[in-house]
Amino acid sequence: MKTQVCIIGGGPSGLMLSQLLHLKGIETIVLERQSREYVLGRIRAGVLERGFVELMREAQCGERMDAEGEIHHGFYISDNGTMRLVDLEKHTGGSSVVVYGQTELTRDLYEARDKMNGKVIHNVEDVALHNLNEATPPYVTYRSGDDIVRIDCDFVIGADGFHGPSRKAIPKDVLREYEKVYPFGWLGVLSRTKPVNPELIYASSDRGFALCSLRSQVLSRYYIQVPLTDQVEDWSDDAFWDELKTRLPDDVAARLETGPSIEKSIAPLRSFVAEPMRYGNLFLAGDAAHIVPPTGAKGLNTAASDIYYLYHGMLDHYLKGDGSGLESYSEKALARVWKAQRFSWWMTSLLHTFPDTTAFDQKLRSAEIGYLFSSDAALSSAAENYVGLPF
Ligand code: RFL
Ligand code: PHB
């Protein structure tokens, strides 16, 4: 097979780039290790920055998001029972975020790819990248049953998430990896219950962090911080709801509607960046190159900025013969990635309980939250980062 851009990974990053390039007449093939059902079954992000929303519209995939997504003008931070609003609109001069599930937007992207006869090949095994930095063009191989299939291309996009093969194809003496692993994870529960609050609540408490989020007015998503040693099986639904209530302000806990979980999983928290994001004709995008702890809702949104820079770089290359956008891709993408890392680390440190916290650390954390809500400058800084820095 032959294509212009071979994209490894059929998550949001890979599908979005494929769809955008297709609309400009640039051919792609997407290779995905899992079945479509599996990809659509993963419950992940829920909060979209404006930049992501605009990219969905540009990809002609925004219709359902615009109809069903909820615009959120603010979110709450609660600190041991005291709940205060971060008014995004007020502190950013009118910006907001959209609550729309990653599952839904991935479904929209798959449907758009189907409608345009986009080539997305599922259940591929043993994907390998070749000739990435040679004079001859690159190619990708994968196994389908007993056959090895070869795809010749101009560029390879590594959009295959944190565990995919693309980043590992960059030689060790070229790749630099920066990592911070947090000593806890998030236990998440999805339930068909009315959300406890119209806006998200990020709750810090002596028993640990909790988050009240939602997917719609009938579907709630809640998380609690748990030790890394905990397993999903350790947490019955009742135990989850009881623990969540202890971490929320009393009036919020009192009105929390509980019900059976329809999904329950634990995700470890990690900050990670791989540099550079380009090696020869390979470009990394999204979780393949970087991971943030989910506290700032930046993972998917940072993938979107990578895709934005790559898309424009590709357009300049193919339509104008100008390679400068691709040349500067890694540098431009990383500048924004590190700012998202900083914000995600800040929100994580501010709101979680760390096992080795001293009384001094606790006091500092309280002072930080006190300062946030006493200063318009601090609130503006938090708000402009939460709605998303410009691309
Ligand atoms: P994905 O979604 O991991 O997709 C990569 C795809 O590549 C496939 N793959 C392979 N394909 C072919 N061959 C191989 N050898 C392959 N190996 C892997 C995988 O099957 C997969 O389909 O990466 P992508 O597209 O870069 O998208 C990134 C986002 O998924 C991620 O950043 C977000 O989900 C992070 N995240 C959040 N981000 C936000 O912006 N806002 C949020 O509110 C938010 N909440 C979250 C989150 C992530 C969470 N977890 C579980 C990590 C909440 C949670 C709990
Ligand atoms: C979610 O709804 O899954 C969600 C929302 C906000 C976050 C993280 C996850 O910061």
Side-chain angles (χ1 to χ4, degrees), residues 6-18 30-36 38-49 51-52 70 72 75 97-103 105-106 109-110 120-129 140-143 157-169 185-190 195 199-202 209 211-216 219-223 263-270 272 284-307 337 340 343-344 347-348 351 386 388:
C6 182
I7 300 174
I8 306 174
S13 301
L15 293 172
M16 172 74 92
L17 183 65
S18 164
V30 177
L31 298 178
E32 169 56 53
R33 187 165 63 100
Q34 305 285 357
S35 67
R36 183 178 299 200
Y38 182 93
V39 174
L40 291 175
R42 292 190 297 225
I43 309 295
R44 286 185 169 182
V47 175
L48 308 183
E49 296 174 358
F52 197 107
E70 281 188 18
H72 281 220
F75 65 87
V97 291
V98 172
V99 169
Y100 188 65
Q102 179 168 334
T103 316
L105 72 90
T106 308
L109 287 164
Y110 269 123
V120 182
I121 307 173
H122 284 275
N123 304 310
V124 299
E125 293 179 70
D126 300 343
V127 166
L129 302 79
V140 175
T141 53
Y142 69 90
R143 190 166 61 75
I157 308 299
D160 46 359
F162 183 65
H163 299 287
S166 298
R167 186 180 67 253
K168 292 170 195 144
W186 278 18
L187 168 64
V189 158
L190 188 70
E199 294 84 16
L200 272 70
I201 304 174
Y202 290 84
F209 171 78
L211 170 61
C212 305
S213 182
L214 61 149
R215 292 291 177 273
S216 72
L219 201 55
S220 299
R221 181 69 164 159
Y222 297 104
Y223 298 95
E263 195 266 359
K264 199 190 280 167
S265 51
I266 294 184
L269 265 64
R270 177 198 304 274
F272 173 86
L284 300 179
D287 280 15
H290 41 74
I291 299 284
V292 286
T295 327
K298 288 284 160 262
L300 183 59
N301 290 304
T302 310
S305 60
D306 294 350
I307 295 307
V337 162
F343 180 66
S344 305
M347 269 202 59
T348 304
L351 300 173
Y386 195 82

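Start at 1 and go down the list; that is how both ligands and their atoms are numbered. For the single chain, residues carry numbers from 1 onward in sequence order. Only heavy atoms go into these numbers, but all of them, side chains included; no hydrogens, no water, no symmetry mates.
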Discussion item. Under 4.0 Å from a heavy atom of Val47: which atoms of ligand 1 are those, numbered in the order shown and with their elements?
Written reply: 41 (N), 43 (O)
Worksheet item: What part of Thr302, side chain from CB on, backbone N/CA/C/O, both or neither, has a heavy atom under 4.0 Å from ligand 1?
Response: neither
Discussion item. For atom 9 (N) of ligand 1, what's the nearest protein heavy-atom neighbour? Residue, atom name and distance, please.
Written reply: Asp160 O, 3.7 Å
Worksheet item: Do Leu31 and Asp160 touch side chain to side chain, with heavy atoms closer than 4.5 Å?
Response: no
Worksheet item: Which residue owns the protein heavy atom closest to atom 19 (C) of ligand 1, what's the atom, and how far is it?
Response: Glu32 OE2, 3.5 Å
Worksheet item: Do the non-hydrogen side-chain atoms of Pro294 and Trp186 ever get within less than 4.5 Å of each other?
Response: yes
Practice prompt. Take every heavy atom of Gly188, measure it against each atom of ligand 1, and state whether any distance is under 4.0 Å.
Written response: no
Worksheet item: Hey, what do you get for CG (Leu190) to CG (Leu219), rounding to the nearest 0.5 Å?
Response: 4.5 Å
Worksheet entry | ligand 1 versus Ser213: contacting region, heavy-atom distance under 4.0 Å | neither
Discussion item. Test of understanding: given a 4.0 Å heavy-atom threshold, classify the contact between Val127 and ligand 1 as side chain, backbone, both, or neither.
Written reply: side chain
Fill in: Leu31: numbered ligand 1 atoms lying under 4.0 Å from its heavy atoms
11 (N), 12 (C)
Fill in: Atom pair SG/CD1 of Cys6 and Ile157 - distance to nearest 0.5 Å
9.0 Å
Worksheet item: Arg42 near ligand 1, heavy-atom distance under 4.0 Å?
Response: yes
Worksheet item: Can you name the nearest heavy-atom pair linking Ala297 to Tyr202, along with the distance?
Response: CB-OH, 4.3 Å
Discussion item. To check you understand the geometry: which heavy-atom pair defines the closest contact between Phe52 and Ala304, and what is its length?
Written reply: CD1-CB, 3.0 Å
Worksheet item: What do you reckon, does Gly299 have a nitrogen or oxygen under 3.5 Å from a nitrogen or oxygen of ligand 1?
Response: yes
Response to the item:
If you compare Ala159, Gly101, Pro165 by their heavy atoms, the one closest to atom 15 (N) of ligand 1 turns out to be Pro165
Item to complete: Output, in order, the C-alpha distance, side-chain angles, deciding distance and verdict of ring pair (Phe, Tyr, Trp, His ring centres under 6.0 Å) for His122 and Tyr110.
Response: CA-CA 12 Å; His122 284 275; Tyr110 269 123; 5.5 Å; yes
Practice prompt. Starting at CG of Asn301, measure out to OG of Ser344 and round the result to the nearest 0.5 Å.
Written response: 9.5 Å
Discussion item. Looking only at distances, can you tell me whether any N or O atom of Ala297, backbone or side chain, sits closer than 3.5 Å to an N or O atom of ligand 1?
Written reply: yes
Response to the item:
Minimal heavy-atom distance between Gly286 and Ser13, with the atoms involved, is CA-OG, 3.8 Å
Worksheet entry | Nearest neighbour in protein (non-hydrogen) for atom 29 (C) of ligand 1 | Gln102 NE2, 3.7 Å
Worksheet item: Please state which protein non-hydrogen atom is closest to atom 10 (C) of ligand 1 and give its distance, to 0.1 Å?
Response: Arg33 CB, 3.7 Å
Worksheet item: Nearest 0.5 Å, what's the OG-NZ distance between Ser305 and Lys298?
Response: 10.0 Å
Worksheet item: What are the atoms of ligand 2, with element, lying closer than 4.0 Å to any heavy atom of Val47?
Response: 5 (C), 6 (C)
Practice prompt. Work out whether the distance between some heavy atom of Arg215 and some atom of ligand 2 is less than 4.0 Å.
Written response: yes
Worksheet item: With no hydrogens and no angle check, is any side-chain donor or acceptor of Arg167 less than 3.5 Å from a backbone partner on Phe162?
Response: yes
Discussion item. So which atom in Ala289 and which in Leu284 form the shortest heavy-atom distance, rounded to 0.1 Å?
Written reply: CB-CB, 3.9 Å
Worksheet entry | Numbered atoms and elements of ligand 2 in range of Leu200, under 4.0 angstrom, heavy atoms | 5 (C), 6 (C)
Item to complete: Side-chain contact test, heavy atoms from C-beta onward, threshold under 4.5 Å: evaluate it for Tyr100 versus Val47 and give yes or no.
Response: no
Practice prompt. For atom 40 (O) of ligand 1, find the nearest protein heavy atom and state the residue, atom name and distance (0.1 Å precision).
Written response: Leu300 N, 2.7 Å
Practice prompt. Run down the list Pro12, Gly11, Gly286 and name the one with the heavy atom closest to atom 27 (O) of ligand 1.
Written response: Pro12
Item to complete: Would you mind running through ligand 2 and noting each atom that sits below 4.0 Å from a heavy atom of Thr295?
Response: 10 (O)
Item to complete: Using the side-chain hydrogen bond (donor to acceptor under 3.5 Å, both in side chains) rule, take Tyr223 and Arg221 through it: C-alpha gap first, then chi angles, then the decisive distance, then the call.
Response: CA-CA 7 Å; Tyr223 298 95; Arg221 181 69 164 159; 3.0 Å; yes
Worksheet entry | Identity and distance of the protein heavy atom lying nearest atom 45 (N) of ligand 1 | Ala45 CA, 3.2 Å
Practice prompt. Could you tell me the separation between the CG atom of Leu300 and the CZ atom of Arg44, rounded to the nearest 0.5 Å?
Written response: 9.5 Å
Worksheet, complete the sentence: Nearest heavy-atom approach of Pro293 to Thr348 is CG-OG1, 3.3 Å
Worksheet item: Can you tell me which residue and heavy atom of the protein come closest to atom 9 (C) of ligand 2, and the distance to 0.1 Å?
Response: Tyr223 CE1, 3.7 Å
Worksheet, complete the sentence: Closest to atom 8 (C) of ligand 2 among protein heavy atoms sits Pro294 O, 3.3 Å
Worksheet item: Tyr223 heavy atoms, cut-off 4.0 Å: which ligand 1 atoms fall inside?
Response: 53 (C), 55 (C)
Worksheet item: How far is atom 1 (P) of ligand 1 from its nearest protein heavy atom, and which residue and atom name does that atom have?
Response: Arg44 NH1, 3.5 Å
Worksheet item: Which is closest to atom 2 (O) of ligand 2 in terms of heavy atoms, Ser213, Gly46, Ala45?
Response: Ser213
Discussion item. Regarding His163 and Asp287, do their side chains bring together a donor and an acceptor under 3.5 Å, going by distance alone?
Written reply: no
Fill in: Which residue and heavy atom of the protein sit nearest atom 6 (C) of ligand 2, plus the separation
Tyr202 OH, 3.3 Å
Worksheet item: Should Val124 and Arg143 count as side-chain neighbours, where that means a heavy-atom distance under 4.5 Å?
Response: no
Discussion item. Need the ligand 2 atom indices (1-based, order shown) with element for anything under 4.0 Å from a heavy-atom of Arg44.
Written reply: 3 (O)
Worksheet entry | Atoms of ligand 2, numbered as shown, that sit under 4.0 Å from any heavy atom of Trp186 | 8 (C)
Response to the item:
Ranked by distance from atom 43 (O) of ligand 1, the top protein heavy atom is Gly46 N, 3.2 Å
Item to complete: Classify the contact between Ile43 and ligand 2 as side chain, backbone, both or neither, using a heavy-atom distance cut-off of under 4.0 Å.
Response: neither
